[in-house]
**Student:** 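Next up is a structure, given as structure tokens.
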There are 2 protein chains.
Amino acid sequence: MNLLQNRIVQIASLSEESNKKFLAAWQTWTVTKDFFVLKENEVSNYLYFIEKGIARIFYYKNGKEITEWIAMDNSFFLSIISFFERKPSYLQIHTIEPALIRGIHYNDLMKLCDEHHEIERWLRKALTGSLILSQYRMDSIQFETAQQRYEKLLETNPSIIQRVPLSYIASFLGITQETLSRIRSSL
Amino acid sequence: MNLLQNRIVQIASLSEESNKKFLAAWQTWTVTKDFFVLKENEVSNYLYFIEKGIARIFYYKNGKEITEWIAMDNSFFLSIISFFERKPSYLQIHTIEPALIRGIHYNDLMKLCDEHHEIERWLRKALTGSLILSQYRMDSIQFETAQQRYEKLLETNPSIIQRVPLSYIASFLGITQETLSRIRSSL
DNA sequence: TAATTTTTTTGATAATTATCAAATGAAAAT
DNA sequence: ATTTTCATTTGATAATTATCAAAAAAATTA
């Protein structure tokens, strides 16, 4: 059972040849907790996939740490702007659990996209999915109360509460940890 | 001078053949003010480009009208979810000025993507750009005050104030029109 | 286990924005 | 030009969440 393979074909099926070449381009890292997958001001060279563990994508805004995304459970993650625009990342990525991470280098992905129309299509579909997610998230941030956002998170991802510190979850939801603590105690 | 052509090659250059075929697939509508480009519950069949005039993308949330986007000045717009997932749109699109709109049908775009790797790549790059924009907008909604968001809008798009009613701008910024009115009078 | 550090909770207050209601101003229609 | 309609502003109040400070609880280390 190859978890990455499964998720890849969920986005778009590939011919045997493309699939083989695509998979072969991914490397694997087994890392400890608190490992920095991406440091500030580095150009992000990889599109990542997390097979096991949790990675947190965060940045500093007015001296405060903002958690932009929490990646777990066989999902892709990346620093979109740095990866695609090839510029230093204001985002950082670090693990908050020991993790098994896979990654494909920008150059390899671009080469595969050039050589295999199917892989280009795969990436196009993956980006379409991200964009749709991003729309829903924007709507949620703009029009739902903190409590609604928290309850939704609990529904879609109950294990996150056990595995991720409150302060990160609060920041990801766009509220302070004090507010999240109060929401919790009121439920 | 072809405005659509210009914007297309800004996203990614195309060979002469692809370019010709791509351009030929776009149709043109000349519409009055208050024309519904897309009505609720229709499946959105077109990726649009506005050459002249203004279109507003909006939806209803708890009985209230929310302006999600204001398209003007040679930009692309679409109902992302409906167009790509082929399902009825909760978004509506209508013009708030007489407009010259161009559009390419979903089937034609997909066919061109299949037949021309270059056009697939073009779409992938266009989506990458949208996703980056979407990230910046999310950050802005989550961490800037209403006043900061308004001032930024004034900077990047000063003419919007003259051409778009306050209530739409307010909704687009994620605030009520009363709040925007007060921000305005305080500047 | 006790001491230390980190995380979470609680309390008081302030800032921002929403909501509801009404008044004013501007544009369109008769 | 007057009426009607629509858009914007102003006022008073309420809701939500942030901020700052401190206490309590939990986890880690000695």
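Basis for what follows: all heavy atoms, side chains included, without hydrogens, waters or symmetry-related copies. Numbers restart at 1 for each chain; the letters A, B, ... are given by sequence-line order, proteins then strands. Just so it is clear, the model here is predicted, and its values are computed rather than measured.
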**Student:** Taking the nucleotide of DNA chain D with the closest heavy atom to each, which residue, A/Ala146 or B/Leu180, is nearer the 5' end?
**Tutor:** B/Leu180
**Student:** Within the structure shown, what part of the strands sits under 4.0 Å from B/Arg184 by heavy-atom distance: base, sugar-phosphate, or nothing?
**Tutor:**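 Sugar-phosphate contact only.
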**Student:** Return the CD to CD1 distance between A/Glu97 and A/Ile54, rounded to the nearest 0.5 Å.
**Tutor:** 4.0 Å
**Student:** Going through the distances and angles, do A/Asn19 and A/Glu118 end up as a side-chain contact (heavy atoms from CB on, under 4.5 Å)?
**Tutor:** CA-CA 9 Å; A/Asn19 187 55; A/Glu118 282 189 307; over 6 Å; no
**Student:** Using a 4.0 Å cut-off on protein heavy atoms (strictly under), produce a 5'-to-3' string for nucleotides 23-30 of chain D with B for base contact, S for backbone-only sugar-phosphate contact, and - for none.
**Tutor:** --------
**Student:** How long is the span from the CG atom in A/Asn74 to the CZ atom in A/Arg102, to the nearest 0.5 Å?
**Tutor:**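 If we round to the nearest 0.5 Å, A/Asn74:CG and A/Arg102:CZ are 11.5 Å apart.
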**Student:** In whole Å, what is the span from the OH atom of B/Tyr168 to the C1' atom of D/dA7?
**Tutor:** 11 Å
**Student:** What is the 5' to 3' range of DNA chain C, first to last nucleotide, that sits under 4.0 Å from any heavy atom of chain A?
**Tutor:**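 With heavy atoms of chain A under 4.0 Å away, the range is C/dT8 to C/dA12.
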**Student:** Under 4.5 Å side-chain heavy-atom separation, chaining through any Ile, Leu, Val, Met, Phe, Trp or Tyr, what else clusters with A/Phe36? Say none if it is isolated.
**Tutor:**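 Via sub-4.5 Å side-chain contacts, A/Phe36 links to A/Phe58, A/Tyr60.
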**Student:** Between B/Phe76 and B/Trp122, does the ring centroid distance fall short of 6.0 Å?
**Tutor:**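 B/Phe76 vs B/Trp122: aromatic centres under 6.0 Å.
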**Student:** Return yes when atom CD of B/Gln10 has more than 12 non-hydrogen atoms of other residues, nucleotides or ligands closer than 6.0 Å, and no otherwise.
**Tutor:** yes
**Student:** Calculate, to the nearest 0.5 Å, the distance between atoms CD1 and CG belonging to B/Ile160 and B/Leu153 respectively.
**Tutor:**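 Going from CD1 on B/Ile160 over to CG on B/Leu153, the span is 4.5 Å.
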**Student:** Test the B/Arg86-B/Tyr106 pair against the cation-pi criterion, namely NZ or CZ under 6.0 angstrom from the six-membered ring centroid and within 45° of the ring axis.
**Tutor:** yes
**Student:** Rounding to a whole Å, what distance do you find between B/Leu166:CG and D/dC6:P?
**Tutor:**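 Rounding to the nearest Å, CG of B/Leu166 and P of D/dC6 are 17 Å apart.
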